[in-house]
Amino acid sequence: MEKARPLWANSLQFVFACISYAVGLGNVWRFPYLCQMYGGGSFLVPYIIMLIVEGMPLLYLELAVGQRMRQGSIGAWRTISPYLSGVGVASVVVSFFLSMYYNVINAWAFWYLFHSFQDPLPWSVCPLNGNHTGYDEECEKASSTQYFWYRKTLNISPSLQENGGVQWEPALCLLLAWLVVYLCILRGTESTGKIEQLANPKAWINAATQIFFSLGLGFGSLIAFASYNEPSNNCQKHAIIVSLINSFTSIFASIVTFSIYGFKATFNYENCLKKVSLLLTNTFDLEDGFLTASNLEQVKGYLASAYPSKYSEMFPQIKNCSLESELDTAVQGTGLAFIVYTEAIKNMEVSQLWSVLYFFMLLMLGIGSMLGNTAAILTPLTDSKIISSHLPKEAISGLVCLVNCAIGMVFTMEAGNYWFDIFNDYAATLSLLLIVLVETIAVCYVYGLRRFESDLKAMTGRAVSWYWKVMWAGVSPLLIVSLFVFYLSDYILMGTLKYQAWDASQGQLVTKDYPAYALAVIGLLVASSTMCIPLAALGTFVQRRLKRGDADPVA
Amino acid sequence: MAKADLSAAWIFFFLTLPCVFHPERMLWLLFFLVSAIHAELCQPGAENAFKVRLSIRTALGDKAYAWDTNEEYLFKAMVAFSMRKVPNREATEISHVLLCNVTQRVSFWFVVTDPSKNHTLPAVEVQSAIRMNKNRINNAFFLNDQTLEFLKIPSTLAPPMDPSVPIWIIIFGVIFCIVIVAIALLILSGIWQRRRKNKEPSEVDDAEDKCENMITIENGIPSDPLDMKGGHINDAFMTEDERLTPL
């Protein structure tokens, strides 16, 4: 007799799990960056169009597949067609890569959170140098927040080749992050739901990409979540709700991020003016307090004419302070979260409170997404009879967490951040596009769109609107193909891939080329997930051939 | 030193010139001599001279005081006080400290001379003396290291407070222990639940065995083979009898 599949206590739990998975760090640090790069408010137009045309249909598709097949990604795709079990395997592989490096972000968030309970905040002051006569050189050249991130948190090496050893502080934080994730997934799904420039073609491509990755399509997490649903659950409504909430969160996060940008830009601009005033006052022995923001230009002109030689001597040191150039600095990713935001926070009143709240929020977002990722890996494993008969659920979860934690220690080494960037940029991007494309084609053309539609109608009691059918069968696959082609050609045209390395002597980032073995790792990352699909199909084909070969002599 | 020699030569020249002996002129000459030597000793960029820069308005805003000769006197007093703390220089007087080139910045140069007022004290001594007493000097003027600068004398910066056990490790330890305890509790409760589930089916089996000893079902009619009625009454027969309508 088949063991009853665990169910969500109610549909609200399921919705919250999906939202907590979809709303992640990308909403906070990728979307505001894209808005800024592609014209601010006008980026919302391609974003919303892509949401309606690509995001919602694909989300609904994945949820429907999971709810109909009532299995994790591997089982679900095997049911649709045995040749397509590779899609599920590819999803699990990609989820595995993602969970390896994603939890490192939570480790960093924990590190900053623990350091927020000090006065003054450790990233607001530079440490002193050896003989206490001035500040540390690297910190002077960069800024105190950059120094804290690159030197104290990462202890980053100057290039990818210099590996260094495992740093014990981030390693401890990573261990804690994995323990927290294990605590949440220990009991299985029941516990995870608890309380989660218009003409510019690049703008459209980035909008499509952002929607795609922001919703977390293709990892198998949504299939896993939906497989625990009652068959009669109205997943169409939930798909729309989840995607809308995800987008609203992105927009809300952008509003907050832009106000932080404005605060930081104003503060830095005023600081710059003060520095220039001080330099002029000291060089020309002007009266203290004479130079203000309003008369600065006037006085500069007067000094240039009155003392030309002295002025030209010190002219290279004068920076042109401009509010626009401060506002133009657009940052995304870990740089935004851990450098720009901390810089803004350190200048606020009661900075410890804001810091604790901010990193707590980052942790909630990160751990919510991690639970979705681990669900994508665990659900197929616990579904498989072979594994679940030998090991209890707790042991499987523990094993997965242990393996991921051990491999994740690579990211705590001195060159760890460079490997992190490799995984972040290449582990999921191309593979996911391919996986979701194969998923859509599989459901529409291999399983049959009519068959799927009648299944859904029998399951939920509601007919599938023509809009969804058109999107699934035509528009979304076309969009994904064009995205795929664009990115592939982009990678090929760019030539050797480059990365940003931190130069301690200059106090800034420099561009370097990836060494050969790093390029090999990138190729392996992409290949290991995408090759699963054809390899599994081939394997099934060979298996069937052999079976037919055995059956023939008997008949 | 060379400048002092040069001015001494000039003075000698003056004295040897034929002139009427006049007491006032002698006094003027003496004054000129003294100020000339002083001027030579304290010059921007002179040997053993230091430039000082004050940013009073930046530090105090509206409560800023004006920099006048009285403040200069206080400054000379503080420098003399610092020098007196150096061994072998306990005889330093306020008059040994010379100020010059006061600008509206406010910035000026100063030197410290020895009791003979002919030589300036070596820069190293003045430097170490000022460094030792920088805090007192700052407080006398309500300023700090950023607003009262002695160029070429770097101030010892106060290191940030460094507790013996970093705070973050304490918080980390607390959260770590909580998480480990929670995990252990969940795992243990899972094991207990499973053990209870394993016990229940075996208890139900025992009860069923007992029941089977009591009742066997013959032709769909329960009868008790161990009934002690001695076989006089056949339960199966009896039931059939009742199905017939009574006459």
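All of these numbers come straight from a predicted model, not from anything done at the bench. Chain A is the first sequence line, chain B the second, and so forth, proteins listed ahead of strands; every chain is numbered from 1.
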> Kindly give the heavy-atom pair with the smallest separation between Ile171(B) and Phe117(A), and that separation in Å.
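So the minimum-distance heavy-atom pair works out to CD1-CD1, 3.0 Å.
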> Any side-chain heavy atom of His115(A) sitting closer than 4.5 Å to one from Pro166(B)?
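No; the side chains remain at least 4.5 Å from each other.
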> Counting only heavy atoms not in Lys63(B), do more than 12 fall under 6.0 Å of its NZ?
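12 or below, so no.
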> Chain B heavy atoms under 4.5 Å from Glu394(A): which part of the residue, side chain, backbone, both or neither?
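Answer is side chain: those atoms of Glu394(A) sit under 4.5 Å from chain B.
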> Considering only heavy atoms and a distance below 4.5 Å, find which of Ile178(B), Ile175(B), Ile191(B) pairs most often with chain A.
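Highest number of pairs under 4.5 Å: Ile175(B).
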> Check Phe114(A), Tyr112(A), Phe110(A) against Trp168(B) for a side-chain contact (heavy atoms from CB on, under 4.5 Å) and give me the one that passes.
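Looking at Phe114(A), Tyr112(A), Phe110(A), the match for Trp168(B) under the side-chain contact (heavy atoms from CB on, under 4.5 Å) is Phe114(A).
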> With rounding to the nearest 0.5 Å, note down the distance linking CG in Leu172(A) to CZ in Phe172(B).
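Nearest 0.5 Å value for the CG-CZ distance: 4.0 Å.
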> Tell me whether Glu137(A) at atom CD has more than 12 heavy atoms from other residues, nucleotides or ligands lying less than 6.0 Å away.
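At most 12 heavy atoms, drawn from other residues, nucleotides or ligands, come within 6.0 Å of this atom.
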> What is the distance from atom CG of Leu286(A) to atom OG1 of Thr103(B), rounded to the nearest 0.5 Å?
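Going from CG on Leu286(A) over to OG1 on Thr103(B), the span is 9.0 Å.
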> How many angstroms lie between atom CZ of Arg194(B) and atom NZ of Lys393(A), to the nearest 0.5 angstrom?
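Here the interatomic distance stands at 8.0 Å.
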> Looking only at heavy atoms, which of residues 276-285 of chain A get nearer than 4.5 Å to chain B?
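Residues Leu278(A), Thr281(A), Asn282(A), Asp285(A) are the ones that qualify, each having a heavy atom under 4.5 Å from chain B.
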> Search all heavy atoms of Leu186(A) against all heavy atoms of Leu186(B) and return the closest pair with its distance.
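Here Leu186(A) and Leu186(B) meet closest at CD2-CB, 3.3 Å.
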> Please list, one pair per line, the donor and acceptor atoms closer than 3.5 Å that link side chains of residues 65-77 of chain B to other protein atoms, with sequence neighbours excluded.
unit_1   : atom_1 : unit_2    : atom_2 : d
Tyr65(B) : OH     : Phe141(B) : O      : 2.8
Asp68(B) : OD1    : Asn70(B)  : N      : 3.3
Asp68(B) : OD1    : Glu71(B)  : N      : 3.1

> Can you establish whether the number of heavy atoms outside Gln298(A) located under 6.0 Å from its atom CD is more than 12?
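No.
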> Working to the nearest 0.5 Å, report the span between CD1 of Ile183(B) and OG of Ser397(A).
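Answer for the CD1-OG pair, Ile183(B) versus Ser397(A), is 10.5 Å.
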> So, taking the atom named NZ in Lys274(A) and the one named OG1 in Thr58(B), what distance separates them when rounded to the nearest 0.5 Å?
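Nearest 0.5 Å value for the NZ-OG1 distance: 10.0 Å.
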> Need one label for Ile169(B): side chain, backbone, both or neither, based on atoms under 4.5 Å from any heavy atom in chain A.
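Side chain of Ile169(B) only, per the 4.5 Å heavy-atom cut-off to chain A.
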> Kindly check if the number of other-residue, nucleotide or ligand heavy atoms within 6.0 Å of CE (Met361(A)) is above 12?
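Yes, the 6.0 Å shell around CE holds more than 12 heavy atoms from other groups.
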> Measure distances from Ile170(B) to the heavy atoms of chain A and classify the residue's part below 4.5 Å as side chain, backbone, both or neither.
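The answer is neither part of Ile170(B).
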> Mark yes when over 12 heavy atoms from residues, nucleotides or ligands other than Tyr135(A) sit less than 6.0 Å from its OH; otherwise mark no.
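Open: at most 12 neighbouring heavy atoms sit under 6.0 Å from OH of Tyr135(A).
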> Side chain, backbone, both or neither: which part of Ser55(B) has a heavy atom under 4.5 Å from chain A?
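Contact with chain A: backbone and side chain both.
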